[in-house]
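Have a look at the structure below, then the notes.
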Number of protein chains: 2
Amino acid sequence: MAAAATIPTPPAADWIDRAEAALRAAGHRSSGPRSAVLELIGNQECVLSAREIADELRAGGREVGVATVYRTLELLESMRLVQRLDVGGRSARYEPALPGGEHHHHHLVCDRCGRVTPFEDPRLERAIADLGRRLDHSVGGHDVILRGLCPRCAASA
Amino acid sequence: MAAAATIPTPPAADWIDRAEAALRAAGHRSSGPRSAVLELIGNQECVLSAREIADELRAGGREVGVATVYRTLELLESMRLVQRLDVGGRSARYEPALPGGEHHHHHLVCDRCGRVTPFEDPRLERAIADLGRRLDHSVGGHDVILRGLCPRCAASA
DNA sequence: GTCGATGCAAAGAATTTGCAGGACC
DNA sequence: GGTCCTGCAAATTCTTTGCATCGAC
């Protein structure tokens with residue numbers, strides 16, 4: 001069943017190409033460090049913090065300054081190419097996003113191990129869309145975070 | 001109409017009493033600074049950050065060290081007497097919560113002015129409850145954040 | 001050649017922690 | 001009187017910013 005299923009599928013594999021194209025179209029230049037960040041973000045499945053991105057790049061031999069990581073994330077977020085997510089830790093997390101809302105999803109956060117798992121549910125989306133129409137507040141986007149125990153932690157609890 | 005309405009009602013006025021009682025029952029002591037924090041949290045309508053709490057207390061002539069504010073919030077959160085909320089700013093916000101889930105609600109965040117407005121919607125709650133049952137992940141709580149423009153900012157945009 | 005992008009290091013902001021003294025029970 | 005609580009200040013962590021340099025177009 002598709003409804004309410006957790007999503008094993010990684011983000012669109014062409015996110016990287018689309019992001020690079022969007023950046024170029026907006027007049028931004030291409031560069032080694034920026035491409036490295038884009039590739040890392042596009043190829044990973046779960047949300048990453050700026051620190052994790054910098055660490056993974058260094059581990060992969062493509063060290064990029066933290067300032068550049070932050071500036072790249074800020075740029076990508078302003079172009080809605082990444083979605084920022086605050087799940088409660090000390091740092092913000094980012095994940096690839098597509099402007100049209102494709103692959104839109106939400107997150108399950110494990111209170112025990114911190115693992116973040118994406119899921120999607122059409123009914124929830126419908127409820128939120130309807131709700132938005134009834135509120136005296138224009139709604140442009142939304143985040144839903146469910147907290148609990150992931151299967152692994154629930155088993156060992 | 002009650003559904004999907006923003007909530008003008010302040011949190012239960014007896015939250016303060018309940019919180020003080022819960023703390024005492026758990027073996028914690030009462031003190032001036034702690035009571036000042038409890039009173040401020042219980043009497044305000046919107047979510048507050050640790051910094052805002054410290055500032056308001058100082059303005060009210062009841063200065064409390066920031067460390068104490070943080071320690072009190074940590075304690076209250078661990079006892080589920082306050083709910084922590086990350087709306088995207090640099091700091092976490094807190095609001096009174098009742099263990100039984102009474103006055104449970106969610107938030108609208110204005111992308112322009114940052115104003116946070118609570119709302120509640122039974123249908124959304126139902127969709128989330130059903131969803132929780134279908135997921136391979138135990139769900140203990142949830143946050144929903146809708147982003148957009150508040151009426152005031154929408155009017156002046 | 002121009003102007004955007006990068007890296008380093010310093011600045012800032014939020015939160016945590018060590019410690020000595022004071023208050024509650 | 002013991003133990004919890006508090007405040008201060010130092011330490012940490014996350015993020016932003018100034019500035020000189022480098023590189024893409």
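Below, chains carry the letters A, B, ... as their sequence lines are ordered, and counting in each starts from 1.
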Query raised in the report: Taking CG from Leu23(A) and P from dG4(C), how many angstroms apart are they, rounded to a whole number?
Result: 15 Å

Requested in this report: Pull out every residue in residues 27-40 of chain B that has a heavy atom closer than 4.0 Å to any atom of DNA chain D, ordered by number, or say none.
Outcome: His28(B), Arg29(B), Ser31(B), Pro33(B), Arg34(B)

Query raised in the report: Starting at CZ of Arg58(A) and ending at P of dT6(C), how long is that distance when rounded to a whole Å?
Result: 17 Å

Report summary line: Atom CD of Glu20(B) and atom P of dC25(C) are separated, to the nearest Å, by 11 Å

**Report entry** Worked verdict on His104(B) versus His142(B) for ring pair (Phe, Tyr, Trp, His ring centres under 6.0 Å)
**Finding:** CA-CA 10 Å; His104(B) 175 70; His142(B) 60 261; 4.8 Å; yes

Query raised in the report: Which is true for Val66(A) with a 4.0 Å heavy-atom rule: it touches a base, it touches only sugar-phosphate, or it touches nothing?
Result: nothing

Report task. Give a yes or no on whether Arg58(B) atom CZ has more than 12 heavy-atom contacts from other residues, nucleotides or ligands under 6.0 Å away. Result -> yes

Requested in this report: Using atom CZ of Arg93(B) as one end and atom C1' of dA14(C) as the other, report the distance to the nearest whole Å.
Outcome: 13 Å

Query raised in the report: Looking at side-chain heavy atoms only, is the closest gap between Glu52(A) and Arg93(A) below 4.5 Å?
Result: yes

Query raised in the report: Would you say Arg90(B) has more than 12 foreign heavy atoms packed within less than 6.0 Å of its CZ?
Result: no

Query raised in the report: Hey, what do you get for CD (Glu95(B)) to NE2 (His107(B)), rounding to the nearest 0.5 Å?
Result: 3.5 Å

Query raised in the report: Taking CZ from Arg24(B) and P from dC25(C), how many angstroms apart are they, rounded to a whole number?
Result: 7 Å

Query raised in the report: Going by an N to O cut-off under 4.0 Å, is there a salt bridge joining Asp143(A) and Arg147(B)?
Result: yes

Query raised in the report: Rounded to the Å, how far apart are Leu57(B) CG and dG7(D) C1'?
Result: 14 Å

Query raised in the report: Listed by chain and number, what are the side chain to side chain contact (heavy atoms under 4.5 Å, CB included) partners of Ala19(A), not counting sequence neighbours?
Result: Trp15(A), Leu38(A), Leu81(A)

Requested in this report: Please state how far atom CZ in Arg90(B) lies from atom P in dT15(C), giving the value in whole angstrom units.
Outcome: 11 Å

Requested in this report: Decide, yes or no, whether a salt bridge links Glu39(B) with Arg62(B) under the criterion of side-chain N to carboxylate O below 4.0 Å.
Outcome: yes

Query - For atom CG of Leu48(B) and atom C1' of dT15(C), their distance in whole Å - result: 17 Å

Report task. Output the residues of residues 68-88 of chain B in contact with DNA chain D, where contact means a heavy atom of the residue under 4.0 Å from an atom of the strand; sort by number or write none. Result -> Thr68(B), Arg71(B)

Report summary line: Whichever of Ser91(B) and Gly65(A) has the more 5' nearest nucleotide on DNA chain C, that residue is Gly65(A)

Query raised in the report: Are the aromatic rings of His105(A) and His103(A) close, with centres under 6.0 Å apart?
Result: no

